[in-house]
Amino acid sequence: MTKATDFIPQAYRNNVTEKGSFQWSAPSNIALVKYWGKKENQIPANPSISFTLNNCKTITKLEFELKDNPSENYSFDLFLEGKPKEDFKPKMQKFFERVEVYLPFLKDFHFTISTENTFPHSSGIASSASGMGAMAVNLMSIEKLFNPEMTDDYFWQKASFLARLGSGSACRSIKGSVVVWGENDSIENSSDLYGVEFPEIVHSNFQKYQDTILLVDKGEKVVSSTVGHELMHNHPFAQNRFQQAHENLARMKQILVEGNLDKFVELVESEALTLHAMMMTSMPYFILMKPNTLEIINKIWKFRQQSGLQVCFTLDAGANVHVLYPNKNKEEVLQFIKNELIVYCQNQQYICDEIGNGALQLK
Ligand code: PMV
């Protein structure tokens, strides 16, 4: 089994790289079985499984240049959509600190990080998964210059490992189209250290599965996910929840293989509500759903009952609603969303996405 120390490189053989640049895109992802609660170093308290998305992405260009005078500090500039973004720097600094032991070249270079998202900023969609995913693959491209013999498996595994250290769920944003993170009995080679591609053949019912993201609330969250994870320590239901996530992952595996959409709907919604139930039963307790989140959920239930279509919702740590449905029902469901749901969105904003294939090197 791979250990964290396996990602500490031996002395690099190739030392000729002075400057250059890479550019990668990495997508966001939506969890079906949710990760909530963690141990030290972003080790998940329970396993999770997600669909990788296709359209909600971060595109990051990473330029690097050998410093004239190597120093004990990290040196980088950070731009979001072409403008300096000072308030992102502490997070990046922390990321560099966490990954330096695995990427010992970090202090030798000055980096220029230019990043943009395909989704509107402050939309309430967290860019941390796609953002850290895109950074991680760029850094692996640099490491590959030092170690050209690196295998593809190592490249992808370590990219996910690094992304995890940036933001836990980011480790599921490297590969597509279904990713499992967290050691569990149902998925061979699953790991707490990185995400792995779902090893079974996913039923064609899930091909091009749709995710329409309804932007209910774009405001700052009242409780960050960092604090939320923390509150699972000493949570009265934590152990049961962690156990349940293991069982639900095994169930989800079977559902994805068999293509059972009724069971999919039931399990995905139950997971979303369980995640929020954990928040509501933390001490201190908190609620991230908004009145319009509940309005949407009720409308989806009513529509499902009337139409017989297997449309369901899921939620992240926020008020926005992800509406999940089969590609074959795209037209009817989109019409329903436009007719009945977008009134509950801020400025009627929503994003059409679908299951995707992971990070992509550009140029
Ligand atoms: O990756 P983090 O620390 O932002 O946690 C996100 C956790 C959820 O989005 C709520 C669930 C998940 O598995 O993605």
Side-chain angles (χ1 to χ4, degrees), residues 26-53 56 58 91 94-95 98 123-136 160-175 178-184 187 190 192-196 198 211 213 217 220-233 235 238 241-242 244-246 248-249 252 267-282 286-289 293 313-322 324 353 355:
S28 187
N29 70 76
I30 180 69
L32 307 171
V33 173
K34 308 285 182 181
Y35 148 62
W36 198 241
K38 62 178 163 182
K39 305 173 199 164
E40 235 186 305
N41 294 327
Q42 315 268 81
I43 297 298
N46 67 260
S48 57
I49 183 167
S50 54
F51 281 162
T52 308
L53 295 182
C56 288
T58 298
K91 199 160 186 199
K94 197 157 181 204
F95 176 60
R98 280 191 184 152
S123 59
I125 298 191
S127 57
S128 57
S130 53
M132 287 301 172
M135 256 325 266
S160 175
F161 172 87
L162 296 173
R164 182 196 106 244
L165 291 170
S167 169
S169 59
C171 77
R172 298 188 314 236
S173 273
I174 302 295
K175 280 288 192 173
V178 181
V179 178
V180 176
W181 170 40
E183 219 177 297
N184 69 90
I187 306 288
S190 54
D192 283 348
L193 300 179
Y194 45 80
V196 297
F198 184 65
D211 178 4
I213 307 163
D217 188 68
E220 192 70 15
K221 282 187 270 183
V222 282
V223 176
S224 70
S225 39
T226 310
V227 173
H229 286 292
E230 202 52 45
L231 291 172
M232 287 303 279
H233 294 293
H235 190 294
R241 163 57 196 157
F242 300 150
Q244 179 197 45
H246 280 267
N248 283 351
L249 190 82
M252 185 54 80
L267 188 52
V268 165
E269 291 191 346
S270 159
E271 272 289 320
L273 293 180
T274 301
L275 167 72
H276 284 257
M278 290 301 114
M279 300 173 188
M280 289 190 245
T281 48
S282 297
F286 60 104
I287 300 180
L288 295 184
M289 289 187 278
T293 311
F313 70 85
T314 190
L315 308 165
D316 265 345
N320 294 335
V321 182
H322 290 246
L324 301 179
D353 212 331
I355 193 166

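Quick note: numbers below take in every heavy atom, side chains included, and nothing from hydrogens, waters or symmetry partners. Indexing begins at 1, ligand by ligand and atom by atom, following the structure's order. Residue indices begin at 1 and follow the sequence shown.
For ligand 1, none of its N or O atoms has an N or O atom of W36 under 3.5 Å away. Remark: ligand 1 and R172 share an N or O pair separated by less than 3.5 Å (distance only, no angle test).
Among all non-hydrogen protein atoms, the one lying nearest atom 8 (C) of ligand 1 is Y35 O, 3.9 Å. Here the heavy atom of the protein found nearest to atom 1 (O) of ligand 1 is S169 OG, 2.6 Å.
With ligand atoms numbered from 1 in the order given, ligand 1 contributes 9 (O) to contacts under 4.0 Å with heavy atoms of D316. Listed by number with element, the atoms of ligand 1 under 4.0 Å from a non-hydrogen atom of H229 are 2 (P), 3 (O), 5 (O). Taking every heavy atom of L275 and a limit of under 4.0 angstrom, the matching atoms of ligand 1 come to 10 (C). Those atoms of ligand 1 with a heavy atom of A31 less than 4.0 angstrom away are 12 (C), 13 (O), 14 (O). Annotation for ligand 1: atoms under 4.0 Å from non-hydrogen atoms of S167 are 1 (O). Interface of A317 with ligand 1, defined as ligand atoms under 4.0 Å from a residue heavy atom, comprises 10 (C).
Side-chain atoms of T274 and Q244, non-hydrogen and from C-beta on, do get closer than 4.5 Å to each other.
Ring-centre distance between W181 and Y35: below the 6.0 Å cut-off.
Judged by distance alone, with hydrogens and angles left aside, the side-chain atoms of S160 form a donor-acceptor pair with the main-chain N or O of G195 at under 3.5 Å.
Contacts between S225 and ligand 1 below 4.0 angstrom, taking non-hydrogen atoms only, involve the side chain exclusively.
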| field | Derivation of the side chain to side chain donor-acceptor pair (under 3.5 Å) call for K91 and S167 | value | CA-CA 10 Å; K91 199 160 186 199; S167 169; 5.1 Å; no

| salt bridge (charged side-chain N to carboxylate O under 4.0 Å, His left out) evaluation trace for D192 with R164 | CA-CA 10 Å; D192 283 348; R164 182 196 106 244; over 6 Å; no

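Using a 3.5 Å distance cut-off with no hydrogens or angles, the side chains of D211 and H322 do pair a donor with an acceptor.
Here SG of C171 is found 9.0 Å from CD of Q42. Values are rounded to the nearest 0.5 Å.
The one candidate from N29, V33, I187 that meets the side-chain contact (heavy atoms from CB on, under 4.5 Å) condition with I49 is V33.
Heavy-atom separations between Q42 and ligand 1 are all 4.0 Å or longer.
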